[in-house]
Protein chains: 2
Amino acid sequence: MQQPSPAPRKATGRPPRISREEVVDTARRIVTEEGVERLTMRRLASEVGSTPMALYHHVRNKEELLVLLLDDHAARTLRPTELPSEPRERVVAAAAAIHEALCACPWIVEVLTADDLMSTHALWFVEQLVDGLVDCGLSLERAVQGYRAIWYYTAGEIVVRTTAARRRAGNDRPTYREQVFAGLDADEYPRLAQVADRWEPLTAQDTYRDGLRALVAGLLAAH
Amino acid sequence: MQQPSPAPRKATGRPPRISREEVVDTARRIVTEEGVERLTMRRLASEVGSTPMALYHHVRNKEELLVLLLDDHAARTLRPTELPSEPRERVVAAAAAIHEALCACPWIVEVLTADDLMSTHALWFVEQLVDGLVDCGLSLERAVQGYRAIWYYTAGEIVVRTTAARRRAGNDRPTYREQVFAGLDADEYPRLAQVADRWEPLTAQDTYRDGLRALVAGLLAAH
DNA sequence: ACCTGAACACCGTTCAAGT
DNA sequence: ACCTGAACACCGTTCAAGT
């Protein structure tokens, strides 16, 4: 599906004017400068100085283009590094590394969740994560399930936060939540009413790592 | 933004041919029978026997239509019920209720993550969840953060699972993950190689509740 | 082998006019 | 007040032809 780099160039035929690399590079520029929603095959074609259909000679379709883009990003940011040797800390650090890499490209939310594996370049971190959980005493099966729970939490944090941010951008009407919280019935919803005016700053805080630590602790507690 | 039901009907002017209710009902039918991707304003218009532009008299735009659809679903499925009195079990049950409601409408993935509140009809469960965490000994602040961690985990589980399912449907080529796992280097990735052929059945299991219990346990453990 | 032009089959939404 | 028709400004992708 991916990275089966374009068929080996034959000596015959017309020489290529644009390359897959150039297509991906240009796509990345559009996406980082203006957002995914501005990345269209037509726009991309005109940016590389070609026609929409020329692109289809270098990528199968738009979906493949997005996957290539994600892979490209992972290759740049997810390089194996020093991780803590203490296994629990290794689990936290590996998850946080994946999380950080994804934070840097919120545009990829739509591809990110396509499979439980986003890129071969993340594989090393997944290995470290699973291995760390096993070293903490989990069976291999439970370690894989633990990895998945961590992945759900991580993907969810990114999807929720970036979708909320995207919606807020260029939309200064109050949120649906703000409207509801403003007129909250304190008898029916005492806790929510109590915290209503602190909700905004509370949820603006980055609590990814706290939640992650809690989840890891909980996964390990049973054994 | 939502549910400010259409301006009170005046006696003057042309009598309406279609109602907001009819629009939402028809949209729900299309979406449950054929999927969100088939719900277009044009299709919906022809289904209610009208023109695309007539719809804009009943809903602001397509986004509002989707929010109305989600709210409609929540109203049908998220009715307050008996929850366990033991606070920790109440937290788990409230989260599981929200999760179950969302599972029944995977089509709503694209709206679901718009804000940290999907519908007023979920409010009662959020209240129960936060209250349960407080009863377990958390401060109100930490209870809210706990709720958010649970929401990330829940939303992530749904988004990942349904996107994966959507991708698999009508696409019998092996997944990217399958390809990668088939040719995994056992020296570089020993754990992943070890579990490669069990990955499929392992990840097919529904482990939402296990992960949820672990997360809740971890959130409570610190205090 | 690689690229082009024209066309297909769509979108959501605005505008101006009708009843 | 509610609805219609035509149009605007787009999409991704296929097909047939060119070099």
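In the text below, chain A, chain B and the rest are named by the order of the sequence lines, each starting its count at 1. Because only heavy atoms are used, hydrogens play no part in the values below, and waters and symmetry mates are left out as well, while side chains stay in. This is a predicted model, so every value here is computed, not measured.
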(request) Describe the nucleic acid contact of Met41(B) in one word from base, sugar-phosphate, nothing, applying a heavy-atom distance below 4.0 Å. (result) sugar-phosphate

(request) Specify the residue among Ala54(A) and Arg42(A) whose closest nucleotide of DNA chain C lies further upstream toward the 5′ end. (result) Ala54(A)

(request) Would you mind reading off the distance between His57(A) atom NE2 and dG18(D) atom C1', rounded to a whole angstrom? (result) 13 Å

(request) May I ask you to check whether Trp199(B) and Phe181(B) place their ring centers less than 6.0 Å from one another? (result) yes

(request) Specify the separation, in whole Å, of atom CD of Glu37(B) and atom P of dC10(C). (result) 15 Å

(message) Between the side chains of Arg29(B) and Asp25(B), is the shortest nitrogen-to-carboxylate-oxygen separation below 4.0 Å, so that they form an ion pair?
(response) no

(request) Quickly work out the Met53(A) CE to dA7(C) P distance and round it to whole Å. (result) 16 Å

(request) Round to the nearest Å and state the distance from Glu22(B) atom CD to dC2(D) atom P. (result) 14 Å

(request) Whole angstrom is fine here: how far is it from CD in Glu63(A) over to C1' in dC11(D)? (result) 17 Å

(message) Counting only side-chain heavy atoms from C-beta out, which of dC3(C), dC15(D), dG12(D) sits nearest to Lys62(A)?
(response) dG12(D)

(request) Starting from C1' on dC11(D), measure out to CG on Leu55(A) and report it in whole angstrom. (result) 14 Å

(message) So, does Thr51(A) get its side chain near the phosphate of dG5(C), meaning an N or O under 4.0 Å from OP1 or OP2?
(response) no

(request) Rounded to the nearest 0.5 Å, what's the gap from CZ on Arg28(B) to CG on Leu39(B)? Could you check? (result) 12.5 Å

(message) Looking at dC2(D), I'd like to know if its phosphate oxygens (OP1 or OP2) sit under 4.0 Å from a side-chain N or O belonging to His58(B).
(response) no

(request) Determine which nucleotide pairs with dG5(C), using a 3.5 Å limit on both distances of a Watson-Crick or G-U wobble pair. (result) dC15(D)

(message) Between C1' on dC10(C) and CG on Leu44(B), what's the gap in Å once rounded to a whole number?
(response) 16 Å

(request) Would you please confirm or rule out a distance under 4.0 Å between OP1 or OP2 of dC11(C) and any side-chain N or O of Thr40(B)? (result) yes

(message) I want to confirm an ordering. Mapping Ile18(A) and Arg43(B) to their closest nucleotides on DNA chain C, which one lands closer to the 5' end?
(response) Ile18(A)

(request) Have a look at Arg17(A) and say if it touches a base, only the backbone sugar-phosphate, or nothing, with a 4.0 Å heavy-atom cut-off. (result) sugar-phosphate

(request) Look up atom CD in Gln145(A) and atom CD1 in Ile150(A), then write down how far apart they are to the nearest 0.5 Å. (result) 12.5 Å

(request) Using whole Å, report how far OH of Tyr56(A) lies from P of dC11(D). (result) 12 Å

(message) Would you say the rings of Tyr152(A) and Tyr208(B) are close, in the sense that their centroids are separated by under 6.0 Å?
(response) no

